Amino acid sequence: MMLHVPPAPAPAQRSVLMALNSPTAVREAPTPALRAAQQPVTAESPLPVHVLDRITPSGHAPSRLTAWRFLLRSGGHAVAAADTMLTPDGWAFSHFFEGPYVTATEQALRQAESMPSAYQPRVLSVPALYMLTLWLHGDCSADAATGHPAPSDLLVPLAPAPPGIAPHRVYRFAELLPVLTQRLTPTPLLSSPA
């Protein structure tokens, strides 16, 4: 089944293309693979990046859009990624990066393309757990900039994943919610004896 990749805001895409065409931006980026690319580099697979900071006692998991991420491909595979950020003037290029999450994202997207149902791919970041997932949202027509994970949405943790969470295993959000809730809920402090 084809993934329904949401269109990125035009200013976000333009800012990434401008950065890719800037020898200074590419040369100064901490991305040896991007600098060493022998074939043309294209910005593909725009993914909205949502952050999950907390889970409410009722199990609601509000997320907020923080970036648009583009995989940078050369020679048929991802060599790096580019993030944009929202500024008071709109979407702007933020930075290039490479590393295990780039290849893990590419692998998770291939994995999702083989699923029988259609999904809208997004990235869900859980900073408190140092965790990134490919979030497969069941409503393909939804505004990619809004929303929160639904119980039936799928999450594919990217490698490296936190201990106890298998990378590249497909979880229903409702299945992973108890683990996330337990790990994101602060432990109450013990009161000291009087």
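Fair warning: this is a prediction, and the values are worked out from it, not measured in the lab. What's counted below: heavy atoms across the whole structure, side chains too, no hydrogens, waters or symmetry copies.
- Between atom CZ of residue Phe173 and atom CG of residue Asp153 there is a gap of 8.5 Å, rounded to the nearest 0.5 Å.
- Residues Phe70 and Val16 approach most closely at CD1-CG2, 3.6 Å, considering heavy atoms.
- Ile165 approaches Ala161 most closely through the heavy-atom pair O-CB, 3.3 Å.
- No donor-acceptor distance shorter than 3.5 angstrom exists from the side chain of Tyr119 to the backbone of Asp139, with no hydrogens or angles considered.
- With Gln38 contributing its side chain and Ala36 its backbone, the two residues share a donor-acceptor pair below 3.5 Å.
- Listed here is the closest heavy atom pair of Leu109 and Pro121: CD2-CB, 4.0 Å.
- Tyr171 contributes no side-chain N or O that, together with a main-chain N or O of Leu177, makes up a donor-acceptor pair within less than 3.5 Å.
- A donor-acceptor pair is defined here as one N or O able to donate and one able to accept, closer than 3.5 Å; such a pair exists between the side chain of Gln120 and the backbone of Ala142.
- Annotation: side chain of Met115 is in contact with side chain of Leu136 (closest heavy-atom distance under 4.5 Å).
- Judged by distance alone, the side chain of Ser63 and the main-chain N or O of Gly147 form a donor-acceptor pair under 3.5 Å.
- Note on Val49 and Leu86: separate hydrophobic clusters, where clusters join Ile, Leu, Val, Met, Phe, Trp and Tyr whose side-chain heavy atoms are under 4.5 Å apart, directly or indirectly.
- Of all heavy-atom pairs between Ala144 and Trp68, the closest is CB-CH2, 4.0 Å.
- Using a 4.5 Å heavy-atom cutoff, the side chains of Thr31 and Leu72 are not in contact.
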Val123 vs Leu132, side-chain contact (heavy atoms from CB on, under 4.5 Å): CA-CA, chis, key distance, verdict: CA-CA 7 Å; Val123 172; Leu132 281 179; 3.9 Å; yes
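- Distance CD/Gln107 to NE2/His77: 14.0 Å, rounded to 0.5 Å.
- Using a 4.5 Å cut-off on side-chain heavy atoms (C-beta onward), His50 and Leu52 make no contact.
- Looking at Thr133 and Val126, their side chains never come closer than 4.5 Å, going by heavy atoms from C-beta outward.
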Quick one: do Met85 and Thr66 satisfy side-chain contact (heavy atoms from CB on, under 4.5 Å)? Show the steps, please. CA-CA 6 Å; Met85 64 182 175; Thr66 59; over 6 Å; no
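- Here the side chains of Phe97 and Arg69 are in contact, with some heavy-atom distance below 4.5 Å.
- Closest non-hydrogen pair, Ala104 versus Leu158, comes out as O-CD2, 3.5 Å.
- Residues Arg64 and Asp53 have side chains in contact (heavy-atom distance under 4.5 Å, counting atoms from C-beta outward).
- In terms of modelled atom types and a separation under 3.5 Å, the side chain of Ser15 and the main chain of Phe93 share a donor-acceptor contact.
- Ser22 places no side-chain N or O within 3.5 Å of a backbone atom of Met18 that could act as its donor or acceptor partner.
- Each of Leu17 and Leu71 belongs to its own hydrophobic cluster when Ile, Leu, Val, Met, Phe, Trp and Tyr are linked at side-chain heavy-atom distances under 4.5 angstrom.
- Looking at Leu34 and Leu20, their side chains come closer than 4.5 Å, going by heavy atoms from C-beta outward.
- Minimum heavy-atom separation, Ala67 to Trp91: CA-CZ3, 3.8 Å.
- Between His137 and Trp135, the angle of the ring planes goes over 60°, which puts this pair in the perpendicular group of the 30/60° scheme.
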Original post:
So Glu106 and Ser45, side-chain contact (heavy atoms from CB on, under 4.5 Å) or not? Walk me through it.
Top reply: CA-CA 9 Å; Glu106 186 175 44; Ser45 305; over 6 Å; no
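- Contact of the Met131 side chain with the Leu155 side chain is not registered, since no non-hydrogen atoms from C-beta on lie closer than 4.5 Å.
- Between the CG atom in Leu3 and the CG atom in Leu134 there is a gap of 7.5 Å [rounded to 0.5 Å].
- Remark: the backbone N or O of Asp89 is paired with a side-chain donor or acceptor of Thr87 at under 3.5 angstrom.
- We find the CZ-OG1 distance between Arg110 and Thr105 to be 11.0 Å, quoted to the nearest 0.5 Å.
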